[in-house]
Amino acid sequence: RKIVAAFAALAISATVLIAPAQAQDKKYTIALVPGLTTDGFYITMRKGAQAAADALGVNLVFQGAPDFNPVTQVPVLDAVIAKKPDAILIAPTDKVQLVEPLRKANDAGIPVITVDTFIGSGVYQTGAGDADFPLAYIASDNVLGGEIAARALATAIGDKGKVYVSNVKPGISTTDQREEGFKKEMAKHTGITVLETQFNDDDANKAASQLQAVFARNPDLVGVFGANLFSALGAANGVKQAGQSGTVKVVAFDAPTSIVDNINTGLVDVAIAQHPAEIGYFGVVSAYAHLTGHSIPVAIGTGFTIMDKSNIADPNISKYLYSE
Ligand code: T6T
């Protein structure tokens, strides 16, 4: 009070005193556009984002498409841009196809941060290339995740035999990098043959049929790496339907709640849980920091929790299972 009185006595304009306070009181709206809405990974990311939004007094809007596809994601993004949020957090569904649609947001003065997936090379704010305009990339280290998956599968199959990657489709930064890391690591395991990748379009049923078709062609198949939630669920179901549970080993990326049963019954050997809530949390915090005049890291990496039969009952591990 004394300070205010002193300023008043100095006849400093009220606007000067009040303006910064008003700026801080502004209620920001941050939009989160997931890869798709019906995926435990993004549902969990939304929870983390909401926790940060609540703590910071930010209005969070969650708007996405029902499937993981640029054709359905771009119109959602256009609708979000038209509403002029203060910032956009987005998991772009294609490295190339989302560049121009996101440039529209950037040109409209809306800061863009990509979460989970990236556009271009994923290296932003360098002044190089035409896709470096997002302010930050917040995600798992997906190459490392692929390497971890390969080591886990190699161990499960006794370091020999035929395996393949069940993947979504080329052009998605995360799943491309997981496959890259997986193959890089498997190249060191000379007793293991990596068969051709099967792309399932994020359709678990397709992944299940593909498993059975690969097994029919290769009755000596010993393992599969499911490179995301639906690829892994589908591949595991395929193994079960082929009557090969426990014989054809499954390493799963992602951790929906159904993975617990699959691990306990021995259908899935290892699941690599990402930390999507952290991605959402740091996404909102980064956007807010930028909006309030702070500099932010151009890249934030979040971790993994490796789940198997030995630890899945531990609450410190199971807390990383995704929400539904
Ligand atoms: O694996 C996650 C995510 O990281 C990836 O980009 C797309 O698939 C998931 O959402 C799981 O379905």
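Numbering of ligands and ligand atoms starts at 1, following listing order. Worth saying up front: this structure is predicted, and the values here are computed from it rather than measured.
Electrostatic pairing of Asp94 and Lys169 does not count as a salt bridge here, judged by no charged N lying under 4.0 Å from a carboxylate O. Using a cutoff of 4.0 Å between basic side-chain nitrogens and carboxylate oxygens, Lys183 and Glu179 are scored as salt-bridged.
Around ligand 1 you find Asp39, Phe41, Tyr42, Phe68, Asp116, Thr117, Thr174, Arg178, Asn228, Leu229, Phe230, Asp254, Gln274, each with a heavy-atom distance below 4.0 Å.
Remark: Phe199 pairs with no residue by the ring pair (Phe, Tyr, Trp, His ring centres under 6.0 Å) rule, at least two apart or across chains.
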Using a 3.5 Å cut-off and no angle test, enumerate the donor-acceptor pairs between side-chain atoms of residues 32-42 and protein atoms at least two apart in sequence or in another chain.
{"residue": "Thr37", "atom": "OG1", "partner": "Ala65", "partner atom": "O", "Å": "3.4"}
{"residue": "Asp39", "atom": "OD1", "partner": "Phe41", "partner atom": "N", "Å": "2.8"}
{"residue": "Tyr42", "atom": "OH", "partner": "Asp116", "partner atom": "OD2", "Å": "2.6"}

For residues 276-287, run the donor-acceptor check on the side chains, cut-off 3.5 Å, and write out each pair with its distance to 0.1 Å, sequence neighbours left out.
{"residue": "Glu278", "atom": "OE2", "partner": "His275", "partner atom": "ND1", "Å": "3.0"}
{"residue": "Ser286", "atom": "OG", "partner": "Phe282", "partner atom": "O", "Å": "2.7"}

Handout entry: Test log, rule side-chain hydrogen bond (donor to acceptor under 3.5 Å, both in side chains), inputs Asn228 and Thr175
Key = CA-CA 7 Å; Asn228 86 331; Thr175 46; over 6 Å; no
